[in-house]
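Computed from a prediction, not measured in an experiment: that's the story for all the values here.
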Amino acid sequence: MAYGDAQLVSTRTFSFLPFNKAPVALGFRQSSLLLVNSRSKQTRILMEMQGNGVSAVKVPHVLTVAGSDSGAGAGIQADLKACAARGVYCSTVITAVTAQNTVGVQGVNIVPEDFVAEQMKSVLSDMHVDVVKTGMLPSIGIVKILHQHLKEYPVRALVIDPVMVSTSGDVLAGPSIIAGFREELLPIADIVTPNLKEASALLDGLRIKTISDMRSAAKLLHDMGPRNVLVKGGDLPDSLDAVDIFFDGEDMYELRSSRIKTRNTHGTGCTLASCIAAELAKGSSMLEAVKVAKCFVETALDYSKDILIGNGAQGPFDQLMRLKNNIYNSRRQVRFNPSDLFLYAVTDSGMNRKWGHSISDAVKAAVEGGATIVQLREKDIETKDFLEVAKSCLQICRSHGVPLLINDRIDVALACDADGVHIGQSDMPTHVARALLGPEKIIGVSCKTPDHAEQAWIAGADYIGCGGVYPTNTKANNLTIGLDGLKTVCLASKLPVVAIGGINASNAQSVMQIGVPNLKGVAVVSAMFDRECVFTETRKLHTLLMEATQAVR
């Protein structure tokens with residue numbers, strides 16, 4: 001089983017859909033929390049704004065209701081590690097204690113239902129849980145207890161991983177609870193994520209052997225009530241790719257990735273569902289959450305493919321990617337999250353010289369001030385010097401969990417192992433850059449028109465930089481498109497967008513308030529680096545963008 005960077009095969013329009021429709025039956029709350037796009041120390045925080053200041057700081061919170069795995073490869077243990085890796089707090093309600101290892105499941109001890117209820121009330125009554133994710137629910141009574149508590153303590157989203165049969169073939173829940181899933185949970189679920197065996201069990205033994213069967217199963221499952229369905233095809237026979245089917249009730253998406261050859265696949269389903277829950281807790285749309293989760297699982301599988309834990313046929317993998325020499329392999333990071341575009345810093349060597357800043361010091365001040373991604377744009381520096389500066393800046397950005405991109409210079413990006421590149425319309429073609437950089441790296445493309453945006457998507461870009469929105473001093477004779485032009489390109493783009501060109505403290509809020517969901521942030525040059533104190537100006541811009549986002553929400 002392998003999950004990876006999604007290749008979408010669909011005749012429908014691909015877009016990032018806002019995750020904003022909550023089931024009325026359970027009174028799921030519409031959160032008033034503002035997503036703050038800071039990746040410092042691999043965390044993301046939500047800040048609740050009241051009055052004129054910040055009154056509280058709250059991390060995104062997932063509650064997992066699942067079984068404990070003594071081998072720590074799946075279940076509660078996998079959920080905890082996955083959420084920690086994604087920078088989300090995870091609390092737990094344990095429904096069963098299992099004796100299992102890499103060979104299989106030797107025993108299951110179900111936790112008494114009244115104690116499951118006590119755990120659930122303890123967490124939900126005290127902690128502001130954003131998303132509930134379920135795993136092993138071994139009795140109909142526990143299913144009903146969960147349903148009742150969600151009525152009493154509504155949450156933003158419910159992710160159902162219907163753990164009935166493990167990837168290794170062990171039966172973890174009998175058929176008696178299938179009716180409970182159908183009647184109690186699927187009608188209130190925001191997404192259900194069955195593997196082929198689980199989908200078949202939920203559909204009275206429906207044969208699922210082909211991609212066409214998976215599509216039919218997704219529609220039938222959607223008819224049972226969940227808002228979204230992800231049928232996982234890692235066990236699909238005779239398939240060279242790992243193919244999953246995502247259905248939102250209107251559009252069907254075929255998500256493909258290359259299979260990773262490894263025995264270490266125990267816990268992939270738990271991890272995928274937990275990552276989806278984590279991304280939803282951070283404010284992502286459902287499709288974004290699924291894509292990020294799939295990228296994360298593939299990355300972790302690839303990192304872990306040669307580790308050896310246990311003697312059985314199916315070993316665990318390392319969600320935290322720290323076990324091999326305790327060093328994080330930078331080339332195996334999750335390659336891109338659209339929310340990283342929130343406050344995009346673009347350096348300028350001339351401005352740094354003007355104020356006596358070294359490039360490294362300017363980048364350090366920017367990321368400490370709240371920049372969420374950095375692009376090194378250095379036009380008048382020798383390649384040898386540029387490479388050394390890039391390595392220094394990369395260390396700074398990595399220590400803060402912020403991606404570093406190189407403008408134009410793919411050679412420098414490869415040499416220093418930067419997170420990616422940003423290229424213009426007159427630079428190397430995007431598809432060539434993708435072939436050189438590989439699938440892990442981030443590629444952004446400057447675009448002014450809907451046609452530019454379409455070509456960037458086809459060629460394999462991850463995002464587009466749209467502008468100049470306003471006149472700017474950094475590019476002579478740069479055609480400006482204004483807010484109307486920005487909105488037109490955003491509406492046409494299948495990729496997330498960052499606005500660029502003449503954006504500063506006086507107009508950044510207007511840009512962010514044009515009302516287009518895939519506009520993820522603004523890119524800034526002068527307003528950040530043509531200043532005496534880069535940290536102060538960056539912090540000011542970050543605050544303005546947060547306020548603008550809060551106003552839109």
Side-chain angles (χ1 to χ4, degrees), residues 1-10 12-21 60 62 78-79 82-83 85-86 88 130-135 156-162 186 189-196 198-199 211 214-215 217-219 221-222 226-234 236 241-258 268-301 319 334-340 439 462-463 494-496 517-518 520:
M1 181 181 294
Y3 301 93
D5 179 39
Q7 298 175 359
L8 289 106
V9 182
S10 174
R12 306 289 186 123
T13 299
F14 170 69
S15 61
F16 291 112
L17 303 177
F19 181 67
N20 57 13
K21 296 185 288 183
V62 170
D79 298 340
C83 286
R86 299 307 302 150
V88 170
D130 297 300
V131 178
V132 169
K133 176 262 174 189
T134 72
R156 186 189 301 173
L158 175 62
V159 177
I160 300 294
D161 184 21
L186 294 189
D190 288 274
I191 185 170
V192 60
T193 63
N195 61 29
L196 298 186
E198 290 157 352
I211 294 175
M214 292 173 65
R215 288 172 172 266
K219 290 180 179 178
L221 288 169
H222 189 272
R227 294 176 59 221
N228 300 275
V229 176
L230 181 69
V231 179
K232 300 176 296 189
L236 191 69
D241 296 327
V243 183
D244 296 346
I245 297 297
F246 177 79
F247 183 51
D248 61 11
E250 295 182 1
D251 295 327
M252 188 83 67
Y253 299 93
E254 189 174 303
L255 309 179
R256 289 182 173 267
S257 60
S258 299
T268 49
C270 304
T271 300
L272 182 73
S274 293
C275 287
I276 292 172
E279 296 307 312
L280 294 177
K282 291 190 285 188
S284 294
S285 71
M286 186 62 75
L287 188 54
E288 285 178 318
V290 170
K291 282 171 58 67
V292 169
K294 285 174 64 63
C295 285
F296 174 83
V297 174
E298 189 218 11
T299 301
L301 280 175
Q319 289 92 339
V334 172
R335 40 189 287 269
F336 180 59
N337 189 323
S339 59
D340 289 336
D462 294 289
Y463 74 91
K494 299 179 180 69
L495 295 171
N518 65 336
K520 299 300 182 181

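Of the inter-residue distances, the one linking Leu186 atom CG with Arg227 atom CZ reads 14.5 Å to the nearest 0.5 angstrom. Rounded to the nearest 0.5 angstrom, Lys133 NZ and Ile191 CD1 are separated by 12.5 Å. The distance from the CG atom of Asn337 to the CZ atom of Phe296 is 12.5 Å, given to the nearest 0.5 Å.
The main-chain N or O of Ile276 is never found under 3.5 Å from a side-chain atom of Glu279 such that the two would form a donor-acceptor pair. Looking at Asn518, its side chain does come within 3.5 Å of a backbone N or O of Leu495 through a donor-acceptor pair. Side chain of Arg156 to main chain of Leu280: a donor-acceptor pair is present (N/O by atom type, distance under 3.5 Å, no hydrogens or angles). Looking only at distances, a side-chain donor or acceptor of Asp248 sits under 3.5 Å from a matching main-chain atom of Asp251.
Residues that satisfy the side-chain contact (heavy atoms from CB on, under 4.5 Å) test with Ala218, not counting sequence neighbours, are Val229, Val231, Ile245, Phe247, Met252. Applying the side-chain hydrogen bond (donor to acceptor under 3.5 Å, both in side chains) test to Asp161 and every residue at least two apart in sequence or in another chain returns Thr193.
Between Phe246 and Glu254, the closest side-chain pair of non-hydrogen atoms is not below 4.5 Å. Annotation: side chain of Phe336 is in contact with side chain of Pro496 (closest heavy-atom distance under 4.5 Å). Here the side chains of Val62 and Asp130 are not in contact, with every heavy-atom distance at 4.5 Å or above. With contacts defined as side-chain heavy-atom distances shorter than 4.5 Å, the pair Thr134/Leu158 qualifies. Looking at Leu230 and Leu272, their side chains come closer than 4.5 Å, going by heavy atoms from C-beta outward.
Heavy-atom minimum distance, Gly269 versus Lys232: CA-NZ, 3.5 Å. Here the shortest heavy-atom pairing between Ala82 and Ser274 reads CB-CB, 3.9 Å. Nearest heavy atom pair, residue Gly233 against residue Asp244, reads N-OD1, 2.9 Å. The two atoms that bring Ala157 and Asp190 nearest to each other are CA-OD2, 3.2 Å, heavy atoms only. Heavy atoms only, all atoms of each residue included: Pro194 and Leu221 are closest at CG-CD1, 3.8 Å. Across Met214 and Leu236, no two heavy atoms sit closer than the pair SD-CD1, 3.9 Å.
The salt bridge (Lys or Arg N to Asp or Glu O under 4.0 Å) test with Glu288 singles out one residue from Lys294, Lys282, Lys520, and that residue is Lys520.
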